[in-house]
Amino acid sequence: MSQANKRELAATFSPADIEAPLYQKWLDAGYFKADATSDKPPFTIVIPPPNVTGSLHIGHALDHTLQDIVIRMKRMKGFETLWLPGMDHAGIATQNVVEKQLAAQGKSRHDLGREEFIKTVWKWKAESGGAILAQMKRLGDSVDWSRERFTMDEGLSKAVQEIFKRLYDAELIYRAERIINWCPRCLTALSDIEVEHSDDAGEFVQVRYGDENISITVATTRAETMMGDGAVAVHPEDPRYKDLIGKMVLLPLVNRMIPIIADELVDPEFGTGAVKVTGAHDPNDFEMAMRHGIDMPIIMNEHGVMANSGTKFDGMDRFEARKAVVDELRLQGRIVAEKRPYVHAVGHCQRCDTTVEPRLSMQWFVKVAPLAKAAGDAVRDGRIKIEPEELAPRYFDWIDNMHDWCISRQLWWGHQIPVYYGPNGEVVVCGPNDTPPAGYTQDPDVLDTWFSSGLWPFSTLGWPEATDDYKKFYPTSVLVTGYDILFFWVARMVLLGLFVNDGIAPFHTIALHGLVRDRFGKKMSKSRGNTVDPIEFMDKYGSDALRFTLARGANPGTDQALAEEWIGGSRNFATKLWNATRFAVLNGATIEGELPAFDGLDDINKWILTRLDETIEAVDNYLEKFEFAKACEEIYHFAWDDLCDWYLELSKASFASGGESAEVSKRVLGHVLDQVLRLLHPAMPFISEELWCSFTGGETLVTATWPKSNFAMRDESSKAVVTQLQDLVTEIRRFRNDQGIKTSAKVNANFVGLGAHEAALRQVCRLEVMTGVPGAKIEVGKVIVEFDLTGAIDVKAERARLTKDLATAEKDRTTAKVKLDNEGFMAKAPMEVVQEIRTRLAQTTADIESITAQLAALPND
RNA sequence: GGGUGCUUAGCUCAGUGGUAGAGCGCUUCGUUUACACCGAAGAUGUCGGGGGUUCGAAACCCUCAGCGCCCA
């Protein structure tokens, strides 16, 4: 410890003055940099890579705070910690941003051409991307910046090619013509989870197909696709249509004959029980069409505009066509019934909200069945633990029912699919070290962004090379993220991680947290106008205050509400610690020299050390279980209630007295403060560092040792003594309050039956030694306090106070008595419970006696 | 439609069988040499409704109602 580091603390706490310099100090010292050659056990977290287009929102602030808490604690526990930062190239999102900029100049990406467009995106990334990185520094993230990665980096791209080839060789990647989700605005395929369903108002019409010979009425919400119908389907057991199965029926508007087929998929209860089969434009219809060998004409282009139907509707937008088709049918007298609005689930593009169009097209898929089985098993057999475990069923539900994953995207920004086609339709898949044969052309599509982020835990560490980082830090330790990306990202990492690593999971624990919502628990959204800006909060209250508020609200896997004044509350807590430390320093608190022998301490010192040790144990246990809210709660109440409100107050007399007792208190207080600042450091790194360094003269808390519980520093009886002191103080204060005695006023009083700690009590309650005759007394347990109020006692107030106490005591006594009179209770309740109730009965009985006597002794008013 | 969760103080939430808790808010008083971003004292709950199990239920079971989320 060097005296030189000790600093005087400013009279008021100003977060802005300390935070930026401290972060710079940590960077300069290289505390966050992991050492792959270290002998310490590794502890690794990879950050959920934020989109390169993104900026820090309140959800990141929560996610990062929790990760930082874990990583900082582990660092203090002596692990070789690596928290690896980076960003995701975010295919669609980023392409959209750059295209929008081009559009402002009246250009499209096609004007630039693929190569030029990609250059433009990289340029955009260099100039405007990654704003979030600077904001992460603001928050205090102890990430290793020397290992920052980007999913489009060369190394990560090699990992993408490598795994694509391995999956292809294992026949787990295939190309096929399937019906996929298509965004007519982004002009790309989407995977199932990139489609968000909402209940929208549509229309439901019943249309009579056929002519005077055979007719059947079908029900549909998508009349415009009827030009692409290949059949009409009914349920095989439906008696209404039994005779029609196998017959041909006229398709109106296009005047084509189509068959009536029977398929179990048809719900006889839905509409008329007869549905149109449009294989190229509906996923269910596609299944039926495949089963029955039905034609699947494509009558819409990639923009969602009608095309090649051979009707007058060609060239109309799909929604415009829907109306026109129904109008035309109505004219022809073919509309049997219409319902509008008809509310039903409609899919929307996650990125741009455009209504998704099912589209038949050639795409690349991952065959997920064997991979998903392994991913489910890894959690089932405990190789991966999901915290909280209540969320595991959701994981199973999804992973056990996962459809094949469409991984090709018709975009330019992303990892181009490493497949090359020869002049005669040859297909060659190239790994990172392969060269495609001359004259072959590469597949123009790119891969789903989540394909590359699914490799994140190992691609960032150098895989497929066996780098030092990979050997030291892989598999990673725990994954901390929001449950909202459990399917998008977490499940994919498990899937791909197990595949490349022969069943070894990419992490052993998935710690899921919830979403940050507004003060009323409502989801934050731009349309609601209830979003908040974490940067603004950090400016106003400090990063520590924001972090502590978020961590304190973070119960595992559940959403949390956030209101600005709660952050103010955390700032108040920081100020409290600031002032408590100033007070401690003022009174000479120190960490120098041996801590006095525990057994020789008085009750107050034993008590605070006992409470400290209990707090250390609780905080450590909670943090190891990702119970951030409970851990913060423990620290908060220990620091504010036990330390500030009680220990500091009860110790003032000791400090004032000087001598040996003061020396002991100084050393104990120094120890407690040192330890509590260490406990606080992961959650509130800035203020804890500032206070600890200035108080102890030490270099840093970042690499300081994490407190360890020590049962030899506990004494139960001291807790009982201090509890009694607290009761006494509370009752004296209450008496003073009820009697209208100013807090600052000194009152003459004496104690009867009090053992030790009289000086501390007198200090806290502002009582002077009484020489006169007592004018009033109160009884607290076995202790009597006699006051000299020189006859000025407020009898009315005193009677009210005692009457209230009497009522409480009588109620408690009755409760206890009823229990003890209950034969069932006496026969079946455990001994210790019965004993506890007996003690309660005795205590309340004594209280009633004493209060009654006091009431009787009061003069009449 | 299938899952799943929730309903505890004015608000947001802890609390998995033994006298109901926290933060914020509220009322009153108060500048006592750490702190008014503070201190002290105080008020506020048939723990969603009904039924059951149990000596004992906010907690376990059943049921009804309301709200939410995920998936289709």
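Naming convention: chains lettered A, B, ... in sequence-line order (proteins, then strands); numbering from 1 in each chain.
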Nearest whole angstrom, please: distance from the [atom2] of [N] to the [atom1] of [X].
| X | N | atom1 | atom2 | answer |
| --- | --- | --- | --- | --- |
| N822(A) | C55(B) | CG | C1' | 5 Å |
| I567(A) | G23(B) | CD1 | C1' | 13 Å |
| E564(A) | C11(B) | CD | P | 21 Å |
| F548(A) | G23(B) | CZ | C1' | 11 Å |
| K811(A) | U19(B) | NZ | P | 13 Å |
| W566(A) | G25(B) | CH2 | P | 11 Å |
| D400(A) | C70(B) | CG | C1' | 15 Å |
| L562(A) | C13(B) | CG | C1' | 13 Å |

Looking at every strand, decide which applies to [X] at a 4.0 Å heavy-atom threshold: base, sugar-phosphate, or nothing.
| X | value |
| --- | --- |
| Y541(A) | nothing |
| N555(A) | sugar-phosphate |
| D812(A) | base |

If pairing means Watson-Crick or G-U wobble with both distances under 3.5 Å, then the partner of G1(B) is C71(B)
Is it true that the side chains of [X] and [Y] contain a donor and an acceptor less than 3.5 Å apart?
| X | Y | answer |
| --- | --- | --- |
| W646(A) | D641(A) | no |
| R813(A) | T845(A) | yes |
| E633(A) | H637(A) | yes |

Take H197(A) and E627(A), find for each the nucleotide of RNA chain B with the closest heavy atom, and name the residue whose nucleotide sits nearer the 5' end.
E627(A)
In whole angstrom, give me the gap between the [atom1] atoms of [N] and [M].
| N | M | atom1 | answer |
| --- | --- | --- | --- |
| A22(B) | G30(B) | C1' | 25 Å |
| G50(B) | A58(B) | P | 13 Å |
| C62(B) | G68(B) | C1' | 23 Å |
| G10(B) | C26(B) | P | 15 Å |

N or O in side chain of R840(A) less than 4.0 angstrom from U19(B) OP1/OP2
yes
Any side-chain heavy atom of [X] sitting closer than 4.5 Å to one from [Y]?
| X | Y | result |
| --- | --- | --- |
| D400(A) | R380(A) | yes |
| W182(A) | L190(A) | no |
| D805(A) | D847(A) | no |

Measure from NZ or CZ of R517(A) to the centre of the six-membered ring of W566(A) and say whether it is under 6.0 Å with the direction within 45° of the ring axis.
no
For Y636(A), does the six-membered ring have the charged nitrogen or CZ of K576(A) within the cation-pi criterion, i.e. under 6.0 angstrom from the centroid and within 45° of the normal?
no
K742(A) side-chain proximity, nearest of U32(B), U31(B), G18(B):
U31(B)
Among W450(A), F396(A), W398(A), the one residue meeting ring-ring contact (aromatic ring centres under 6.0 Å, His included) with F487(A):
W398(A)
F573(A): which of F638(A), W578(A), F548(A) passes ring-ring contact (aromatic ring centres under 6.0 Å, His included)
F548(A)
Each nucleotide N or O in nucleotides 66-69 of chain B that has a protein N or O under 3.5 Å away: list the pair and distance.
none

Can you give one letter per nucleotide of nucleotides 34-44 of chain B, 5' to 3': B if a protein heavy atom sits under 4.0 Å from the base, S if only from the sugar-phosphate, - if neither?
BB-BSSBSSS-
